[in-house]
Amino acid sequence: MLLDGKNSAKEYEDSLRLKIDKIKEKSGRAPHLTVIMVGNNEASKTYVSSKKKACLRVGMTSDIKYLDESIKEDELIALIESLNKNDDIDGILVQLPLPKHINESLVVNTVDPLKDVDGLTILNAGKVFTKTGGVAPATPKGIMMLLEKYNINVCGMHAVVVGRSNLVGLPIAKLLNDSDATVTLCHRQTRHLSTFTKSADLLVVAVGKKDMITKDMVKPGAIVIDVGINRMDGKLYGDVSSEVSSIASYFTPVPGGVGPMTINALLHNLLELYEVRHDC
Ligand code: NAD
């Protein structure tokens, strides 16, 4: 069965629109997201524009600051510090990757944790990892929202996550662990990967290699979440081979699975940050 991220995201947006209308009536303005985009990476440009469009669809506001590839690190930091102080901005997102001459971690951690919609600051990561609140990164959060939408309870399942980035693999492993799945985290150095993937009740793949998970690596009836985005000849592909859909109980398509839910989670995080800052 298809885990339809596109439709689930649309339904969530419909409910969000009503909440935003109420906020606007009460406070006179909607939550605002500022996105910072450095350089000319074509994929990043598509992502930032989709994020802005999603904000506008639900009645939130958003602007994108397009900055030249050659911007100096201290200029970028100064810009973020001024956005931190601006009370009309509720969320700040620095689109990654940044050019090589900029220290990504330093820049990301300049964002006020109370405006960190992507949940990438050390403070938010620490809070999520110690279960003391915080903002979870949008992609793992979106995956959890999708599982919830389909009433999939992961308690007791063996969840295997392939990929351990700070952005996706590591935090989704944590969130699944918090939901009482038994989690195995696999990565580039994992030996005999298929031994693990084959024993998964729930398989999450976030690597960035087309067709790296084939049918023989998946247990029939498993739930398969494909996070990968691989561009080839103008088309998008996931990390999981299309033949896997014939044996999975549930699977996410690419595109139309995790991608729309990531944007959904971003909207969710923005609203939550707005509510915390405005005490509502
Ligand atoms: P990353 O490059 O930071 O991490 C990749 C991970 O894969 C690493 O932990 C690495 O150890 C692991 N890996 C590499 N080769 C492997 C192998 N042969 N076997 C097992 N593990 C291996 O990437 P990322 O930022 O986590 O993104 C992963 C993929 O997800 C990319 O395709 C990215 O475009 C996509 N992505 C999609 C969304 C979305 O909204 N759908 C959001 C973020 C990332």
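Computed from a predicted structure; not experimentally measured. Computed over heavy atoms, backbone and side chain alike; hydrogens, waters and symmetry mates excluded. Atoms within each ligand, like the ligands themselves, are counted from 1 in listed order.
- Scanning the protein heavy atoms around atom 35 (C) of ligand 1, the nearest turns out to be Val227 O, 3.4 Å.
- When only non-hydrogen protein atoms are considered, atom 15 (N) of ligand 1 lies nearest to Lys209 NZ, 3.1 Å.
- Remark: minimum distance from atom 29 (C) of ligand 1 to any protein heavy atom is reached at Gly208 N, 3.7 Å.
- For atom 27 (O) of ligand 1, the nearest protein heavy atom (residue, atom name, distance) is Val168 CG2, 4.5 Å.
- Near Gly163, meaning under 4.0 Å from any of its heavy atoms, are these atoms of ligand 1: 6 (C), 7 (O), 9 (O), 12 (C).
- When only interatomic distances are considered, the shortest N/O to N/O separation between Thr262 and ligand 1 falls below 3.5 Å.
- Checking only distances, Arg164 does come within under 3.5 Å of ligand 1, N or O to N or O.
- Between the side chains of Thr214 and Ser241, no donor-acceptor pair of N or O atoms lies under 3.5 Å.
- Under 4.0 Å is where a charged nitrogen must lie from a carboxylate oxygen, and between Arg277 and Asp87 at least one such pair does.
- Both the backbone and the side chain of Val207 come within 4.0 Å of ligand 1, counting heavy atoms alone.
- Put simply, part of Ala206 is less than 4.0 Å from ligand 1, judged by heavy atoms.
- Using a 4.0 Å cut-off between heavy atoms, Val162 contacts ligand 1 through its side chain alone, with no backbone atom that close.
- Linking ILVMFWY residues whenever their side-chain heavy atoms come closer than 4.5 Å, directly or via other members, leaves Val160 and Val204 in distinct clusters.
- The contact set between ligand 1 and Gly259, taken as ligand atoms under 4.0 Å from a residue heavy atom, comprises 40 (O), 41 (N).
- For the ligand labelled ligand 1, residue Gly169 lies outside the 4.0 Å heavy-atom shell.
- A salt bridge is absent between Glu25 and Lys22; no separation between the charged side-chain nitrogens and carboxylate oxygens falls under 4.0 Å.
- Only the side chain of Thr139 comes within 4.0 Å of ligand 1, counting heavy atoms alone; its backbone N, CA, C and O stay farther away.
- Expressed to the nearest 0.5 Å, how far CG of Asn124 lies from CG of Leu114 amounts to 8.0 Å.
- For atom 11 (O) of ligand 1, the closest non-hydrogen atom of the protein is Arg188 N, 3.1 Å.
- Among all non-hydrogen protein atoms, the one lying nearest atom 21 (N) of ligand 1 is His187 C, 3.1 Å.
- Protein heavy atom in closest approach to atom 4 (O) of ligand 1: Ser165 CB, 3.8 Å.
- Taking the six-membered ring where the residue is Trp, Tyr12 and His268 present tilted rings, their angle falling between 30° and 60°.
- The shortest heavy-atom distance from Met212 to ligand 1 is under 4.0 Å.
- When atom types are taken as modelled, the side chain of Lys115 and the backbone of Ile89 share a donor-acceptor pair closer than 3.5 angstrom.
- One finds a salt bridge joining Asp90 and Arg29 here, because a Lys/Arg side-chain nitrogen approaches an Asp/Glu carboxylate oxygen to under 4.0 Å.
- Note on Lys149 versus Glu11: salt bridge recorded, some NZ/NE/NH1/NH2 to OD/OE distance being below 4.0 Å.
- Heavy atoms of Gln189 found under 4.0 angstrom from ligand 1: none, in either backbone or side chain.
- Between the side chains of Ser27 and Tyr274, at least one donor N or O lies within less than 3.5 Å of an accepting N or O.
- What sits closest to atom 25 (O) of ligand 1 on the protein, heavy atoms only, is Leu167 CD2, 3.8 Å.
- Of all heavy-atom pairs between Asp226 and Val258, the closest is O-CG2, 3.6 Å.
- The residues Asp21 and Arg17 are annotated as not salt-bridged, no charged nitrogen and carboxylate oxygen being separated by less than 4.0 angstrom.
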